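A quick write-up on the structure given underneath.
For clarity, every value in this text was computed on a predicted model and none was experimentally measured.
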Amino acid sequence: MPANQGVGYGDTARARAKIDSKYKKEDEMKIREWICSHLNMTIDKYEYPPGKDGFALLLKDGEILRRLVKKNQAREQISKAINVAIEDFGVRKQSVFDVNDLYEMRNMTQVVEFFMVLGGAVQALPNFEGMALGPKPSEKNERNFTDEQIKQSRDSAVSMQAGTNKIGSQNSESFRNISAYSAK
C-alpha cells in the first residue's frame with residue numbers, strides 16, 4: 001500500500017481488496033521476462049523482489065518504460081519510412097519487409113530485397129544523384145500506331161514461329177489406345 005494513503009475502510013477497503021485479488025504474480029513474472037528480453041538486461045531479484053512492491057519499485061522511476069518506448073519508436077520510425085517508400089517512391093508492397101524481420105533477423109532476404117527495390121525506385125527521382133543500387137527503372141517507351149498499321153498487323157500472315165493449328169490434330173486416338181491397355 002502506498003505510504004501516503006491511509007488504510008481505508010468500508011467501500012474503499014473492499015475496492016482495494018478486489019483490485020488486489022486480480023493481481024497475478026505469474027503475469028508479473030512474464031512481464032519481467034519480456035522486459036529483460038526486449039532490453040537485453042537482467043533484473044536483480046534482491047533489489048526488485050517479485051511481487052507488487054518490488055515490481056512497482058522496478059517501474060516507478062520510468063526508466064524501463066522510457067527505454068521500451070524508445071526502442072519501439074525506432075521500429076515505428078522504420079514502419080513510417082517503409083510507408084513513405086510505398087507512397088512516395090512507388091515501392092511495391094510485395095517488396096516490403098516486416099519490421100520484425102529486421103529486428104529478430106527472421107527474414108533478412110526480404111530486407112535486402114526491399115533495399116534493392118528502394119534503390120531502383122530512388123534512381124527514378126528527377127533530382128537523383130549518387131550511387132545506383134538495384135535495377136534501373138525502365139523508361140516510358142510509348143508507341144503510337146495508326147489504325148492502318150494495327151489493321152495491317154492483325155491481318156498479316158502469322159509465321160510458323162508463332163505456332164499454327166494446321167499441322168496438329170485433336171484426335172484422341174492415342175489416348176484411346178493407352179486406356180485400352182490400362183483397362184487390362
Side-chain angles (χ1 to χ4, degrees), residues 1-140:
M1 177 179 310
N4 61 349
Q5 291 185 356
V7 176
Y9 299 97
D11 288 341
T12 304
R14 281 189 290 280
R16 180 172 307 281
K18 186 175 182 179
I19 291 170
D20 288 347
S21 71
K22 293 180 180 180
Y23 188 86
K24 296 179 182 169
K25 196 169 181 180
E26 304 84 37
D27 288 348
E28 175 196 326
M29 299 312 287
K30 288 178 187 175
I31 293 168
R32 285 173 176 256
E33 186 179 339
W34 180 78
I35 289 170
C36 291
S37 166
H38 280 279
L39 299 181
N40 274 344
M41 64 177 282
T42 56
I43 297 172
D44 184 354
K45 291 181 182 178
Y46 296 105
E47 188 175 357
Y48 307 104
K52 288 185 285 186
D53 295 338
F55 195 49
L57 187 62
L58 172 68
L59 298 175
K60 73 167 55 173
D61 70 355
E63 180 63 19
I64 287 181
L65 186 57
R66 185 195 64 76
R67 287 176 57 195
L68 285 168
V69 168
K70 184 178 178 184
K71 182 174 182 176
N72 287 314
Q73 279 180 336
R75 288 183 183 211
E76 187 177 303
Q77 293 299 333
I78 291 171
S79 293
K80 286 179 183 177
I82 289 171
N83 288 334
V84 167
I86 291 169
E87 294 167 12
D88 295 352
F89 302 134
V91 172
R92 296 181 336 265
K93 287 185 179 183
Q94 301 92 300
S95 300
V96 171
F97 66 93
D98 183 59
V99 177
N100 290 329
D101 291 342
L102 173 61
Y103 272 85
E104 297 170 12
M105 294 184 284
R106 286 192 305 203
N107 190 354
M108 290 304 292
T109 304
Q110 188 67 32
V111 174
V112 169
E113 180 186 335
F114 169 79
F115 279 97
M116 295 301 284
V117 171
L118 178 62
V122 170
Q123 291 177 56
L125 297 175
N127 58 353
F128 172 75
E129 292 178 7
M131 183 182 142
L133 175 68
K136 183 180 178 191
S138 60
E139 296 176 9
K140 192 172 187 177

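- Taking the side chain as every heavy atom from C-beta outward, Asn107 and Asp98 never approach each other to under 4.5 Å.
- In this structure the side chain of Asp101 never reaches within 4.5 angstrom of the side chain of Met108, judged on heavy atoms.
- Of all the heavy atoms in Asp61 and Ile64, the pair that sits closest is OD1-N, 4.4 Å.
- Counting heavy-atom neighbours within 6.0 Å of Glu33 CD, excluding the residue itself, gives a total of 12 or less.
- Side-chain contact between Leu39 and Leu68: present, with at least one pair of heavy atoms (C-beta onward) separated by less than 4.5 Å.
- Here the CG atom belonging to Leu102 is positioned 8.5 Å from the CZ atom belonging to Arg75, to the nearest 0.5 angstrom.
- Residues satisfying the salt bridge (charged side-chain N to carboxylate O under 4.0 Å, His left out) criterion with Lys30, sequence neighbours excluded, are absent altogether.
- In this structure, the side chain to side chain contact (heavy atoms under 4.5 Å, CB included) partners of Ala85, at least two apart in sequence or on a different chain, are Phe89, Val91, Phe114, Leu118.
- Considering only residues two or more places apart in sequence or on other chains, Arg14 meets the side chain to side chain donor-acceptor pair (under 3.5 Å) condition with Asp11.
- Judged by distance alone, the side chain of Arg32 and the main-chain N or O of Ile43 form no donor-acceptor pair under 3.5 Å.
- Of the inter-residue distances, the one linking Leu58 atom CG with Glu47 atom CD reads 9.0 Å to the nearest 0.5 angstrom.
- The shortest heavy-atom contact between Cys36 and Thr42 is SG-CA, 4.0 Å.
- The main-chain N or O of Gln94 is found under 3.5 Å from a side-chain atom of Gln110 such that the two form a donor-acceptor pair.
- Put simply, the side chain of Arg67 does not reach to within 4.5 Å of the side chain of Ile35, judged on heavy atoms.
- The side chain to side chain contact (heavy atoms under 4.5 Å, CB included) test with Glu26 singles out one residue from Lys24, Glu28, Met29, and that residue is Lys24.
- Side-chain contact between Phe97 and Ile82 is present, with at least one heavy-atom pair separated by less than 4.5 Å.
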